[in-house]
Structures are given as structure tokens and as C-alpha cells.
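Everything below concerns the one structure shown next.
Throughout, residue positions are numbered sequentially from 1 according to the sequence presented. Computed from a predicted structure; not experimentally measured.
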Amino acid sequence: MTIDEIHMRRCFALAEQGRYSCRPNPVVGCVVVKDGKVLSEGWHQVAGQAHAEVMALEQAGADAKGSTVYVSLEPCVHQGRTGPCTQALITSGIERLVYAMQDPNPLVSGKGLARLRAAGISVDGPLLLVEAQALNPGFIKRMTQGLPHVRCKVGMSLDARTAMQSGESQWITGAAARADVQGLRARSCAVLTGVGTVLQDDPSLTVRLENYQDLQPLRVIADSSGRTPRSAKTLQLPGKVLLACGVDAAQWLQQQDVCTSGLQAECTVVEVPMLNGKLNLRSLLQMLAADWLCNEVLVEAGATLTGALLQAGLVDELVTYIAPALLGDNARPLATLPGLATLAERVKLQFIDVAMVGEDCRIRSRVLNQH
């Protein structure tokens, strides 16, 4: 491993420290090195506050002159809620910049690197590109495709059943698996479920990890006909809730002011186009990316919505918690996937990793059938 790779991997580790707090911005880490010694480190902590480069440069002070700066993402060149990092780097008098990947944001992409080169700074990269891309899958997808990274979480038995025929499902998996899911929620910009799950299980959809209560994701309910009751637990908790309804249902709910008073949640009703009598899920995800700046969406839903997303090619990753139990033929399946008649039509997956979480097994899979 080269010296440059060692320092860049440190940038990746630093970037992870902003995982739960800097959305909708990407996670970024930075290391300042001079004469073989690390002068300072930084990472993007909170959206709207100092970026990783600025944090590291402020710590290094005047010693940053003549240094090499390592950063996991191309420095920004535009004025947003903070000033451009390229100008801070130039002003500090750095000699060399090593970057892991170019910024996919069209406001920045390649322009930050060009600005640094024009200022006489030596620029090297990309370095460890694949690892750098893995840090920000949602931000990259939102910037390049106008869609969030969609991660479906499912808890099931060994025979791939997610609930008894009656709908009883609490709890198939153990406490450790449920705690692990809290981490998935905490890193997500939004948690998406269907109205059927709301009516059956009445979930909160909140992050309950200590010290993360103020970092709640947007809670989204796909509800084409506007059946979500005012008594739903998720509406009685602080935070933002989005009721994604068909046009007629949304207009009716808005006229009735159903979600504007007497609720703990800040509830918004939005109209989503219909497709074949159901919500157009691609349109919903595009809305979450464009209007709500959602990088990563966690789906915690029943077989119908999970299956619809999979068949529409809208799922990037499947996180499956498998309990050591069998629920039988009449129990409910992981996903409703009508119309599959041949192996050629199957939903193809690629295993990412397998781990034990308490008494359960967690399998992360990449979904290959994307449209």
C-alpha cells in the first residue's frame, strides 16, 4: 500500500464520522500532510457548516502552506451555504491535492480540480475510486440519475416468510437484528412504507438510537387512496411525515385539512401520478430526490410494496434478516412478484456480505435487475 493510499483510507474513515449528520450532503474526509507528518484532519460534520477541507485547514493554520491535502471527494468550487473549498485551499498555499473521486454534482464536477490546477497546485487522482464511490451511493445516484439509493429491509424466517397468514409478525427476528435496523434508519434520508403496513403493524418508523433523536429521517407512507388514519402512531410522533397519495385522495385530504392540526408530526400530503391503478413508484422516488433531497431511502414494507419496487427495478440493495425459524406454507412471503414464469424473469441478486446479528443471519445483496 502506498503512502497516498494510506492517507486516503484515513480520509474514508473520517468521512464515516459524518454518516448520520451531514445529509443531504455527501460524507467527506480530509487529511493535511507535510514533510511526512499529518498536520490535521477533518470531515463534513453537519450540512451548512464547514466542509472537511475547511475544517482540516483551519486546524493546520499557517503550517498548511506547502502541504499535501488528501480528500475523498473533489473540493467544491461553487458558493452554497458555505464558501468554495477550492478558494480556501488556494489561499492556504497548499502544494498538492490528492482526490479519490470527482464530484458527481454538475455544479462542481471537474470544475474544482480545474480551478486548483489553474492556481498552480499539483492535482493527482482519482485514487481508490471504487471505495470512494461506496461512501456515497445515494448522493451519486441522486446527482446522476435523479433517484435515491433504495435499500429494502426485510425480516423473515428461514422459509422466506415475513408474517403469519393473520398478519402477525412481531417479532420474527430478535432484538439484535431490530437494533441493527436502527442504524439503517439513522443513515437514511427517508423511510418508506405502505399504508397496508401502517394499518396492520402501526410502526413508528423513527430512529430510537441514543443521541440520534434529532436526526430523524422523513417518514413516507405510500397510500394511493388516503387510508392512513389520524391515529397512526407515526403521525403522533414528532418529525416530518409525507403522505404520498393519488391525485384524488391527496386533493380530498388537503381540502379536509386532515393532516394539518392536532398531530405531533409535521405532515404533508403530496400528489403522486398513478400507473395501472397504483402509485407510480418511480415518480415518488424522483420526487423524494428532487424535492426532499433524499440520497438514501430505506423501505420497510410488506410483500406488496416490496415486490412492486423490485419488479419496477427500483431497488438497489436488499438487506435480509433471517430468523432460525419456519413459519409454514400459509405464512406471508417476502415479496409479491406476480407474472414470473421462467428463470430468465427472476430477480437477480449479488451477495455483498453475510454476518450474524445476534441469533439471526443478515445478508446484504445488490439487486441486479435495475431499470
Would you indicate whether the side-chain heavy atoms of [Y] and [X] approach each other to under 4.5 Å?
X: Leu235; Y: Cys267; answer: yes
X: Thr268; Y: Leu243; answer: no
X: Pro324; Y: Asp360; answer: yes
X: Pro273; Y: Ser283; answer: yes
X: Val357; Y: Cys361; answer: no
X: Val98; Y: His7; answer: no
X: Glu300; Y: Leu192; answer: no
X: Leu310; Y: Val367; answer: yes

Under the side-chain contact (heavy atoms from CB on, under 4.5 Å) test, residues paired with Thr162 that sit two or more places apart: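 Val154, Met156, Arg332, Leu334.
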Is there a path of hydrophobic side-chain contacts, each under 4.5 Å between heavy atoms, that joins [X] and [Y]?
X: Met55; Y: Val32; answer: no
X: Leu314; Y: Val347; answer: yes
X: Leu349; Y: Val315; answer: yes
X: Leu116; Y: Val108; answer: no
X: Val123; Y: Val31; answer: no

Please check if the side chain of [X] supplies one atom and the backbone of [Y] the other of a donor-acceptor pair under 3.5 Å.
X: Glu74; Y: Leu113; value: yes
X: Lys153; Y: Ala301; value: no
X: Asn136; Y: Val27; value: yes
X: Asp103; Y: Ser109; value: no
X: Thr86; Y: Arg115; value: no
X: Thr144; Y: Ile140; value: yes
X: Arg178; Y: Thr173; value: yes
X: Asp201; Y: Pro203; value: no
X: Ser157; Y: Arg161; value: yes
X: Glu345; Y: Ala341; value: yes

With rounding to the nearest 0.5 angstrom, report the [atom1] to [atom2] distance, [X] to [Y].
X: Ser72; Y: Glu131; atom1: OG; atom2: CD; result: 12.0 Å
X: Glu16; Y: Cys11; atom1: CD; atom2: SG; result: 12.5 Å
X: Tyr321; Y: Leu184; atom1: OH; atom2: CG; result: 4.5 Å
X: Ser67; Y: Leu97; atom1: OG; atom2: CG; result: 9.5 Å
X: Arg282; Y: Leu309; atom1: CZ; atom2: CG; result: 10.5 Å
X: Leu288; Y: Glu296; atom1: CG; atom2: CD; result: 13.5 Å

Are side-chain N/O atoms of [X] and [Y] paired as donor and acceptor at under 3.5 Å?
X: Arg219; Y: Thr234; answer: yes
X: Gln216; Y: Thr206; answer: no
X: Thr2; Y: Asp4; answer: no
X: Asp223; Y: Thr228; answer: yes
X: Thr342; Y: Arg346; answer: no

Please report the shortest heavy-atom distance between [X] and [Y], naming the atom on each side.
X: Pro229; Y: Leu199; result: CD-CD2, 3.7 Å
X: Ile172; Y: Gly155; result: CD1-O, 4.3 Å
X: Gln311; Y: Leu340; result: NE2-CD2, 3.9 Å
X: Gly194; Y: Leu305; result: N-CD2, 3.6 Å
X: Leu237; Y: Ser204; result: CD1-CB, 3.5 Å
X: Met8; Y: Tyr99; result: CE-C, 3.7 Å

Determine, for [X] against [Y], whether the closest basic-nitrogen to carboxylate-oxygen distance falls under 4.0 angstrom.
X: Asp353; Y: Arg364; value: yes
X: Glu317; Y: Arg366; value: no
X: Asp316; Y: Arg151; value: no
X: Lys34; Y: Glu95; value: no

Working for side chain to side chain contact (heavy atoms under 4.5 Å, CB included), residues Arg362 and Asp180: CA-CA 10 Å; Arg362 183 191 67 202; Asp180 196 63; 2.9 Å; yes
Stepwise side chain to side chain contact (heavy atoms under 4.5 Å, CB included) test for Arg96 and Val69: CA-CA 6 Å; Arg96 178 176 178 242; Val69 171; over 6 Å; no
Donor-acceptor pairs under 3.5 angstrom involving side-chain atoms of residues 35-45: please list them, not counting sequence neighbours.
from	atom 1	to	atom 2	distance (Å)
Ser40	OG	Ala56	O	2.6
Glu41	OE1	Arg10	NH2	2.9
Glu41	OE2	Arg10	NE	2.9
His44	ND1	Ala50	O	3.3
His44	NE2	Asn25	ND2	3.0

Matching residue for Leu298 among Pro217, Ser188, Cys152 - test: side-chain contact (heavy atoms from CB on, under 4.5 Å):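 Filter result, single survivor: Ser188.
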Asp329 CG: over 12 foreign heavy atoms closer than 6.0 Å: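 Atom CG in Asp329 is not crowded, with 12 or fewer foreign heavy atoms closer than 6.0 Å.
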Among Arg142, His149, Arg23, Arg187, side-chain hydrogen bond (donor to acceptor under 3.5 Å, both in side chains) partner for Asn295: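 So, applying the side-chain hydrogen bond (donor to acceptor under 3.5 Å, both in side chains) to Asn295 and each of Arg142, His149, Arg23, Arg187, only Arg142 qualifies.
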Gln182/Arg185 under side chain to side chain contact (heavy atoms under 4.5 Å, CB included): CA gap, chis, key distance, verdict: CA-CA 5 Å; Gln182 290 291 310; Arg185 288 185 186 177; 3.5 Å; yes
Side chain to side chain contact (heavy atoms under 4.5 Å, CB included) between Val191 and Leu218, worked out: CA-CA 6 Å; Val191 178; Leu218 175 70; over 6 Å; no
